[in-house]
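Below is one structure; the comments refer to it alone.
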Amino acid sequence: MLRRTFVAIAFFALSCAPNLDQRLTSEVDRLDAKLKSVEAAKLPDELQAIPKGHRARLASARAATSSEQRLVRMREAFIGIELLAMLQREKRASEDFAALQTLWTKERARFEANPPDVRGSLLRRAMMQNATNRAQKLFRASLPYGKTSAPMSGLFYFAEAEGNLRFRDFLATLPADAGSRDVPRAEVVRSELEARERETSAKFASDPSGRTSIRASAKLKEARELFERGYLEGAALALVEVNATEDAIPAALTQLAQRRNAAPSRAPKPQLVTVTLVRWPYT
């Protein structure tokens, strides 16, 4: 009798729990309210135009026709709104390097802690790995950048790291989803990465003064970092983001993960050159 009662209670709890799409819709509502709060408190002049873009992304997320599409469309707005909220919350750290250093030290353990287990669909796992990598890299860069440039510059990095960390932790709380469970093969990801690097190097060589290769180079840098950490899902996501439109990302990611054989190499591997960027790590 006790066992039947427990099963009934568990079933009732599950039936009342919000499904994935309800959770995503609720999160879009939360982000919308948070953005309004940020705007009401007045942003610095140089950030005044940013909320308009996030509001458009939230509207796009509301109009999505699937959970995966909604998740992809809301990602940038989620991270960006949390970024703006932190810039507002920590104004003193934007003006005083000592305050920035104190805040950085206080939050260090949270950024360096082991990330939660990645779970859920291929897209969700990939996004969690991507957000973990970005959060850690941006956080580590924020303090030295604030020291060499300006406290506000360092806090901006810190706030972007915070947005990524919060997005990752949000993903970890979502209920089960029905997307692909495929795991990309390391040899396939490596082959695709090297092919894209050759392609981008050739484009840059043909137009070294142009800017057409900047976004691709940034994504390939990120894909290389993720691959070297063993984050195969995240590396595959960064690779498909080079060319895929936002709504095409889930299908393109699944297609890459389902590939069983690496494409044959058609050219020698290019000599790798390490480039240290003074500012934006992924541009």
Side-chain angles (χ1 to χ4, degrees), residues 31 34-35 38-39 41-54 57 74-116 127-171 211 214-226 228-229 231 234-235 237-238 241 274-283:
L31 291 169
K34 193 162 194 173
L35 184 58
V38 167
E39 290 178 297
K42 191 165 175 22
L43 289 165
D45 291 343
E46 64 271 23
L47 303 178
Q48 287 286 330
I50 293 179
K52 183 178 179 181
H54 293 327
R57 292 183 187 95
M74 68 184 286
R75 174 176 54 163
E76 190 172 341
F78 185 114
I79 294 168
I81 292 169
E82 294 294 349
L83 182 159
L84 293 176
M86 184 176 179
L87 290 180
Q88 231 175 38
R89 191 169 64 243
E90 305 294 346
K91 287 182 180 179
R92 188 180 169 203
S94 71
E95 301 166 351
D96 178 20
F97 179 74
L100 175 64
Q101 189 168 28
T102 298
L103 180 64
W104 192 93
T105 302
K106 177 185 174 184
E107 299 294 335
R108 181 176 182 176
R110 193 161 61 91
F111 282 89
E112 294 184 350
N114 290 330
M127 284 186 166
M128 287 183 70
Q129 291 178 348
N130 182 293
T132 294
N133 183 64
R134 279 180 166 248
Q136 292 176 345
K137 294 289 195 306
L138 288 161
F139 176 75
R140 290 171 191 159
S142 63
L143 193 63
Y145 188 39
K147 185 176 183 178
T148 58
S149 179
M152 180 58 178
S153 301
L155 182 63
F156 193 93
Y157 262 25
F158 196 154
E160 188 174 356
E162 177 71 14
N164 277 277
L165 196 68
R166 285 177 180 259
F167 184 63
R168 182 201 70 187
D169 292 345
F170 163 70
L171 292 172
R211 301 175 62 86
I214 291 177
R215 183 179 181 277
S217 296
K219 282 296 175 186
L220 291 174
K221 174 183 184 294
E222 188 172 11
R224 175 65 66 178
E225 289 176 356
L226 290 157
E228 290 176 353
R229 291 186 68 166
Y231 285 1
L237 175 60
E241 286 178 317
T274 299
V275 178
T276 301
L277 299 175
V278 176
R279 198 165 181 178
W280 312 107
Y282 298 111
T283 56

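Checked against side chain to side chain contact (heavy atoms under 4.5 Å, CB included), Lys52 has no partners two or more places apart in sequence or in another chain. Partners of Ser149 under the side chain to side chain contact (heavy atoms under 4.5 Å, CB included) rule, at least two apart in sequence or in another chain, are Tyr145, Ser153. Taking the side chain to side chain contact (heavy atoms under 4.5 Å, CB included) definition, one finds that Pro44 meets it with Glu46, Leu47, sequence neighbours left out. By the side chain to side chain contact (heavy atoms under 4.5 Å, CB included) test, Arg229 pairs with Thr132, Asn133, Gln136, Lys137, Tyr231, sequence neighbours left out.
The CD atom of Glu162 lies 4.5 Å from the CZ atom of Arg166; values are rounded to the nearest 0.5 Å. Rounding to the nearest 0.5 Å places CG of Asp96 at 11.5 Å from CG of Leu155.
Between Pro51 and Leu43 there is a side-chain heavy-atom pair separated by less than 4.5 Å. Side-chain contact between Met127 and Phe167 is present, with at least one heavy-atom pair separated by less than 4.5 Å. Considering only heavy atoms from C-beta on, Ser142 stays 4.5 Å or farther from Glu160 through its side chain. Taking 4.5 Å as the limit, some side-chain heavy atom of Leu165 sits within range of a side-chain heavy atom of Asp169.
For the pair Trp104 (side chain) and Phe139 (backbone), a donor-acceptor distance under 3.5 Å is present.
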Derivation and outcome, salt bridge (Lys or Arg N to Asp or Glu O under 4.0 Å), residues Glu222 and Arg134:
CA-CA 9 Å; Glu222 188 172 11; Arg134 279 180 166 248; 2.7 Å; yes
What verdict does the side chain to side chain contact (heavy atoms under 4.5 Å, CB included) test give for Leu143 and Lys147, after you've listed the backbone C-alpha separation in whole Å, the side-chain angles of each residue and the deciding distance to 0.1 Å?
CA-CA 6 Å; Leu143 193 63; Lys147 185 176 183 178; 6.0 Å; no
Applying side chain to side chain contact (heavy atoms under 4.5 Å, CB included), run through Gln48 and Lys42 and close with a yes or a no.
CA-CA 8 Å; Gln48 287 286 330; Lys42 191 165 175 22; 3.7 Å; yes
Anything under 3.5 Å between a donor and an acceptor, one on a side chain of residues 84-95, the other on a protein residue two or more places apart or in another chain? List them.
| unit_1 | atom_1 | unit_2 | atom_2 | d |
| --- | --- | --- | --- | --- |
| Gln88 | NE2 | Val38 | O | 2.6 |
| Ser94 | OG | Lys91 | O | 2.5 |

Show me the donor-acceptor pairs, under 3.5 Å and distance only, between side chains in residues 75-82 and residues at least two apart or in other chains.
| unit_1 | atom_1 | unit_2 | atom_2 | d |
| --- | --- | --- | --- | --- |
| Arg75 | NH1 | Glu241 | OE2 | 3.3 |
| Arg75 | NH2 | Glu241 | OE2 | 2.4 |
| Glu76 | OE2 | Arg57 | NH2 | 3.1 |
| Glu82 | OE1 | Lys34 | NZ | 2.7 |
| Glu82 | OE2 | Arg30 | NH1 | 3.2 |
| Glu82 | OE2 | Arg30 | NH2 | 2.9 |
| Glu82 | OE2 | Lys34 | NZ | 3.3 |

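Residues Ala131 and Arg168 come closest through the heavy atom pair CB-CB, 3.8 Å. Of all non-hydrogen atoms in Leu226 and Ala238, the two that sit nearest each other are CD1-CB, 4.2 Å.
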